Amino acid sequence: MAMRAAAAAPRSLRRLFSTSTFIPPPITAATPATPPAEPSTNLFVSGLSKRTTSEGLHEAFSKFGQVVNARVVTDRVSGYSKGFGFVRYASLEDAAEGIKGMDGKFLDGWVIFAEYARPRPPLSPQNNGAPPYGR
DNA sequence: TGTGAGCGA
């Protein structure tokens with residue numbers, strides 16, 4: 001009565017068992033999507049309004065933790081906001097609270113997203129932190 | 001012009 005599911009196995013799965021090459025899609029491999037970075041005091045905030053400034057970020061994120069520094073990325077030529085910024089907290093726990101307290105929330109009329117910033121190598125002092133594309 | 005999903009000079 002019951003043993004009929006095995007016989008009625010999906011034809012699609014038949015190939016997987018007949019194939020000698022067991023190559024399942026690795027989950028730990030590089031994913032096309034953007035994986036969340038590891039916990040850090042540096043937060044990456046996106047979805048900011050063009051009118052949002054670093055002060056707005058600092059005040060908005062300071063309500064969930066001690067913000068050491070907040071900065072909105074702006075264009076050097078035009079000076080306009082790029083629509084995202086960075087917020088650095090005093091500790092990792094404050095950063096986590098800031099993410100859970102501001103991620104998916106409204107700021108300046110726009111829904112913003114807060115997450116850990118990607119690990120980035122520091123600038124070399126020998127180059128005085130000058131951009132590689134600046135002769 | 002800065003109505004876009006983006007990681008900083």
Side-chain angles (χ1 to χ4, degrees):
Chain A
M1 300 183 185
M3 292 187 274
R4 56 175 176 159
R11 304 170 290 228
S12 305
L13 297 179
R14 283 248 171 186
R15 318 186 313 177
L16 299 179
F17 291 100
S18 302
T19 304
S20 303
T21 45
F22 247 94
I23 310 179
I27 310 177
T28 52
T31 49
T34 309
E38 20 186 297
S40 176
T41 50
N42 224 17
L43 259 57
F44 171 69
V45 186
S46 56
L48 298 177
S49 179
K50 304 294 184 184
R51 295 171 276 186
T52 304
T53 59
S54 302
E55 293 186 308
L57 266 181
H58 189 279
E59 291 190 21
F61 279 77
S62 288
K63 296 183 293 186
F64 298 95
Q66 185 175 357
V67 177
V68 180
N69 193 283
R71 176 207 226 155
V72 174
V73 180
T74 51
D75 189 84
R76 239 318 172 84
V77 184
S78 304
Y80 271 86
S81 193
K82 289 187 177 181
F84 62 92
F86 295 89
V87 176
R88 174 170 289 188
Y89 275 95
S91 71
L92 299 176
E93 48 187 42
D94 282 0
E97 292 297 310
I99 292 179
K100 292 183 292 187
M102 289 300 299
D103 181 53
K105 299 299 164 61
F106 280 86
L107 181 59
D108 224 45
W110 284 78
V111 181
I112 67 174
F113 293 92
E115 56 183 312
Y116 297 107
R118 289 178 176 176
R120 194 104 209 211
L123 301 174
S124 302
Q126 57 184 246
N127 204 22
N128 201 22
Y133 44 79
R135 274 193 295 187

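Bear in mind that the values here come from a model prediction, so they are computed numbers and not experimental data. Naming: A, B, ... by sequence-line order, numbering from 1 per chain.
As rounded to whole Å, 6 Å separates atom P of dG8(B) from atom CZ of F84(A). Following rounding to the nearest Å, L43(A) (CG) and dG8(B) (C1') show an atom-to-atom distance of 14 Å. At whole-Å resolution of the value, CZ in F86(A) and P in dG6(B) are 13 Å apart. Taking atom CG on L107(A) and atom C1' on dA5(B), their separation rounds to 16 Å, with Å as the unit. If you take NZ of K50(A) and P of dG6(B), they are 12 Å apart, rounded to a whole angstrom. A straight line from CG of D103(A) to P of dA5(B) spans 18 Å, rounded to a whole angstrom. To the nearest angstrom, P of dC7(B) lies 20 Å from CG of N69(A). Rounded to whole Å, atom C1' of dA9(B) lies 7 Å from atom CZ of R71(A).
Under the 6.0 Å cut-off for aromatic ring centres, F44(A) and Y116(A) do not qualify, their centroids lying 6.0 Å or more apart.
The closest donor-acceptor contact from the side chain of D108(A) to the backbone of W110(A) lies at 3.5 Å or more, if one exists at all.
Rounded to a whole angstrom, the distance from the C1' atom of dA9(B) to that of dA5(B) is 22 Å.
Of the candidates dC7(B), dA5(B), dG2(B), dG2(B) carries the atom nearest the S78(A) side chain, counting heavy atoms from C-beta on. Of the candidates dA9(B), dG2(B), dG8(B), the closest approach to any side-chain atom of Y80(A) belongs to dG2(B).
When each of S49(A) and R120(A) is assigned the nucleotide of DNA chain B with its nearest heavy atom, S49(A) is the one assigned upstream, toward the 5' end.
One cannot find a donor-acceptor pair under 3.5 Å joining the base of dG8(B) and the side-chain atoms of D75(A).
Contact check for V73(A) versus F86(A): side-chain heavy atoms found under the 4.5 Å cut-off. Two residues are said to be in side-chain contact when any heavy atoms from C-beta on lie closer than 4.5 Å; V87(A) and H58(A) fail this criterion. A 4.5 Å side-chain heavy-atom check between F64(A) and Y89(A) finds at least one atom pair inside the cut-off.
Nucleic acid contact for T74(A): sugar-phosphate only, since backbone atoms but no base atoms lie under 4.0 Å from a heavy atom of the residue.
Base orientation of dG4(B): anti, the glycosidic angle falling outside 90° of 0.
The side chain of K82(A) contributes no N or O atom lying less than 4.0 Å from OP1 or OP2 of dG8(B).
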